[in-house]
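This report refers to the structure that appears directly beneath it.
Chain A is the first sequence line, chain B the second, and so forth, proteins listed ahead of strands; every chain is numbered from 1. Values reported hereafter were calculated over all heavy atoms of this structure, with side chains retained and with hydrogens, waters and symmetry mates removed.
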Amino acid sequence: MKYQRPKGTADILPDEAVAWNYIESTAKKLFDNYRFHEIRTPIFENFEVFSRSAGDTSDIVTKEMYDFHDKGDRHITLRPEGTAGVVRAFVENKLYGPEHIKPVKLYYTGPMFRYERPQSGRLREFHQIGVEAFGSESPNLDVEVISMGMHLLKKLGIHNLKLVINTLGDQATRKAYRSALIAYLEPHFDELSEDSKVRLHKNPLRVLDSKDKDDQKLVADAPSILDYLTPESASHFETVKNLLETLQIDYQVDASMVRGLDYYNHTIFEIMANDKALGKGDVTVCAGGRYNGLVEELGGPETPGIGFGLGVERLLLLMQAQKAPLPTISPLDVYVVGIGDETKSETLKIVETIRNNGFSTDQDYLDRKPKSQFKTADRLNAKIVITLGNDELAQKVVNLKVMATGDEQQVKLEDVYDNFPKLFGKFLKK
RNA sequence: GCGGUAGUGGCGAAGUGGUUAACGCACCGGUUUGUGGAUCCGGCACGCGUGGGUUCGAUUCCCACCUACCGCCCCA
């Protein structure tokens, strides 16, 4: 095998593409009910769009960006996530203008890129479905976005869903909490894992997220951000929780949950699914939160925002593991068997006529024997097989066989041409 | 980026330093000179991830690389 796809990429073959289409169309229908509209932004952006939004110290920016300099020496990055580009487009196209109804609600789907070591459900080119809503601080919006994510996953047949939420508060909250956390961790500096030692200075909140067992013990007694919320932040979070209860959406608060991207504040959430088939522990399929301040960061007016991203590959893995229903390629309506070279032009006319009547139709292209053609018709799950040989051609008739029952009848060729739908209906009713 | 496991036909899977690389499934063909889902028969890797090396000889030994999978990091 000479050529291989680049590391961490995947070919989505026809059988699987059907599932992808199903997921995307299901999402689009649901999002439309919530009045979120599609936006398509470039797959690459200027490096600064991401470095500015995600945070210079975030792992995404420091080690996972797929970036390069183009022939004009522009520093380009293949988008590692969807929000930054959408925010950039929101600002650049002035969607904050008064003529746009607020909140401006958008969704996107498409490939994202991160330069990291591939594993199952983790690729260098992967796909996300994401939503963003700009221009409202209402906790109602937080809850609607969360609810929409939950609904989508449920609609796609995922069960054992777990919603985990937390709040990062506002600027003042984070500042206060940051110093409190550092004050708590610094005396234990030597006990921290190597990774956490680095994180302590760069981004202390990330220490909370450490998988290291000793770190976790330390972190267990660390101050909670929930005790440092400003009154406004606390009240926002309270309202979000109350509204979730109003909608009877179960949730857990995890005060140590953080975000890999710096732009988040206030409500953050993750929707996880637990499935033994996917190994131990919970898998996060959908994650998001508020990012008031990001629009300003990218040069727009002060505009609050909130959104989520959902990993399509992970979702598919989950759906397969949980045996969620997935569509398959639709069965064939009609297969046309031609016997002998002389029938070639007639079978071509027949398949084209039937197709133009809205039925899926196929025929043999390999000059195979009738038996083989029937075998193929059977494999393709054809409902009806039309057979045409020299005799039929001379008599201007055709044999029509219903595969499920084996019934075969001769019908006039002109009936096929004049009114195929009627013919099809007549034979399939039996 | 680090550590580990693996890589044989479309798929699954045996195998050995040395004649024609098992077997199963799938596929193709025949048994039925124009009719499917059954049986039986036959066909199907000039090649064992790629490139080097050792050797009289390598799919089998060594090295490098590539890729996949698992763990770490991180995350969707």
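Contact annotation for A/Ala377: no contact, since no heavy-atom pair falls under 4.0 Å across all strands. At the heavy-atom level, A/Lys369 lies under 4.0 Å from the strands shown only through sugar-phosphate atoms. Base contact: A/Leu123 has a heavy atom under 4.0 Å from a base atom. Across all strands shown, A/Gly340 has no heavy atoms under 4.0 Å from either base or sugar-phosphate atoms. A/Glu313 comes within 4.0 angstrom of nothing in the nucleic acid, heavy atoms only. Among the heavy atoms of the strands, none lies under 4.0 Å from A/Thr376. Counting non-hydrogen atoms under 4.0 angstrom, A/Val285 reaches the backbone sugars and phosphates but no base. When heavy atoms are screened at a 4.0 angstrom cut-off, A/Gly8 is found touching the sugar-phosphate backbone but no base atom.
Across B/rG71, B/rA76, B/rG34, the shortest atom-to-atom separation from the side chain of A/Glu392 is found for B/rG34. Side chain of A/Gln119, nearest nucleotide from B/rC70, B/rU35, B/rC75: B/rC70. Here the nucleotide nearest the side chain of A/Arg379, chosen from B/rC73, B/rC28, B/rC75, is B/rC28. The side chain of A/Pro118 has B/rA68 as its nearest neighbour among B/rG71, B/rG30, B/rA68. Distances were taken from every side-chain heavy atom of A/Asp391 (C-beta onward) to each of B/rG34, B/rG36, B/rG4; the shortest belongs to B/rG34. Of the candidates B/rG29, B/rU35, B/rC75, B/rU35 carries the atom nearest the A/Phe374 side chain, counting heavy atoms from C-beta on. Side chain of A/Thr387, nearest nucleotide from B/rG29, B/rA76, B/rU35: B/rU35. When distances are taken from the side chain of A/Pro370 to each of B/rA76, B/rC72, B/rG34, the shortest belongs to B/rG34.
If you take CZ of A/Arg206 and P of B/rC72, they are 15 Å apart, rounded to a whole angstrom. Atom CD in A/Glu116 sits about 15 Å away from atom P in B/rC2, given to the nearest Å. Protein atom NZ of A/Lys375 is 12 Å distant from nucleotide atom C1' of B/rU35, rounded to whole Å. Atom CD in A/Glu270 sits roughly 9 Å away from atom P in B/rC75 (whole-Å rounding). In this structure, CG of A/Leu310 is placed 17 Å from P of B/rC75, rounded to the nearest angstrom. Atom CE of A/Met272 is separated from atom P of B/rC75 by 14 Å (rounded to the nearest Å). Atom OH in A/Tyr264 sits about 11 Å away from atom C1' in B/rC75, given to the nearest Å. Distance CD1 (A/Ile339) to C1' (B/rG34): 4 Å, rounded to an integer number of Å.
Remark: A/Tyr417 engages no residue in a ring pair (Phe, Tyr, Trp, His ring centres under 6.0 Å) (not counting sequence neighbours). A/Lys401 is linked by a salt bridge (charged side-chain N to carboxylate O under 4.0 Å, His left out) to nothing, counting only residues two or more places apart in sequence or in another chain. For A/Arg368, the salt bridge (charged side-chain N to carboxylate O under 4.0 Å, His left out) partners two or more places apart in sequence, or in a different chain, are A/Asp364. With sequence neighbours left out, the salt bridge (charged side-chain N to carboxylate O under 4.0 Å, His left out) criterion links A/Arg122 to A/Glu116. Here A/Phe31 pairs with A/Tyr107 under the ring pair (Phe, Tyr, Trp, His ring centres under 6.0 Å) rule; sequence neighbours left out. Among residues two or more places apart in sequence or in another chain, the ring pair (Phe, Tyr, Trp, His ring centres under 6.0 Å) test is passed with A/Phe50 by none.
Note on residues 35-52 of chain A: pairs passing side-chain hydrogen bond (donor to acceptor under 3.5 Å, both in side chains), not counting sequence neighbours, are A/Asp32-A/Arg35, A/Glu38-A/Arg40, A/Glu45-A/Arg88, A/Arg52-A/Glu297. Sorted by first and then second residue, the salt bridge (Lys or Arg N to Asp or Glu O under 4.0 Å) pairs with a member in residues 326-341 of chain A read A/Asp333-A/Lys383, A/Asp341-A/Lys344; sequence neighbours excluded. Among residues at least two apart or in separate chains, ring pair (Phe, Tyr, Trp, His ring centres under 6.0 Å) pairs with a member in residues 347-370 of chain A are A/Phe359-A/Phe420, A/Phe359-A/Phe424.
B/rA58 and B/rG51 are spaced 14 Å apart, taking the P atom of each and rounding to whole Å. Taking atom C1' on both B/rG49 and B/rU59, the two are 12 Å apart, rounded to the nearest angstrom. The separation of B/rU31 from B/rG42, taken at their C1' atoms, amounts to 10 Å, rounded to a whole angstrom. Here the separation of B/rA13 from B/rA6, taken at their P atoms, is 14 Å to the nearest Å. One P atom belongs to B/rC23, the other to B/rG15, and the distance between them is 15 Å to the nearest Å. Comparing B/rC27 with B/rG34, their C1' atoms are spaced 23 Å from each other, to the whole Å.
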Margin query: Please determine whether side-chain hydrogen bond (donor to acceptor under 3.5 Å, both in side chains) holds for the pair A/Asp142 and A/His236, giving the CA-CA distance in whole Å, both sets of side-chain angles, and the decisive distance to 0.1 Å.
Written below: CA-CA 10 Å; A/Asp142 298 36; A/His236 185 94; 2.8 Å; yes
Item checked: Dot-bracket summary - RNA chain B, pairs being Watson-Crick or G-U whose distances fall under 3.5 Å, with | when paired to another strand -> (((((((..(((.....[....))).((((.........)))).....(((((..]....))))))))))))....
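A donor and an acceptor atom never sit less than 3.5 Å apart when one is taken from the side chain of A/Gln373 and the other from the base of B/rU35. Residue side chain A/Arg114 reaches the base of B/rA76 through a donor-acceptor N/O pair under 3.5 Å, judged by distance alone.
Within the 4.0 Å cut-off from OP1 or OP2 of B/rC28, at least one side-chain nitrogen or oxygen of A/Arg368 is found. Distances shown here put a side-chain N or O of A/Ser372 below 4.0 Å from the OP1 or OP2 atom of B/rG29. Considering only side-chain N and O atoms, A/Arg314 lies nowhere under 4.0 angstrom from the phosphate OP1 or OP2 of B/rC75.
Looking only at side-chain heavy atoms (C-beta outward), A/Glu24 and A/Asn21 come within less than 4.5 Å of each other. Within the 4.5 Å cutoff, side-chain heavy atoms of A/Ile225 are placed close to those of A/Asn166.
Using cut-offs of 30° and 60° on the angle between ring planes, the pair A/Phe90 and A/Phe134 is parallel.
With salt bridges taken as basic N to acidic carboxylate O contacts below 4.0 Å, none links A/Lys396 and A/Glu346.
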Mind listing the N/O atom pairs, protein and nucleotides 38-43 of chain B, below 3.5 Å?
none

If you restrict it to nitrogen or oxygen atoms, what contacts under 3.5 Å exist between nucleotides 63-66 of chain B and the protein, and what is each distance?
unit_1: B/rC66; atom_1: O2'; unit_2: A/Gln4; atom_2: OE1; d: 2.8

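For the salt bridge (Lys or Arg N to Asp or Glu O under 4.0 Å) test with A/Glu270, the passing option among A/Arg259, A/Lys162, A/Arg314 is A/Arg259; the others fail.
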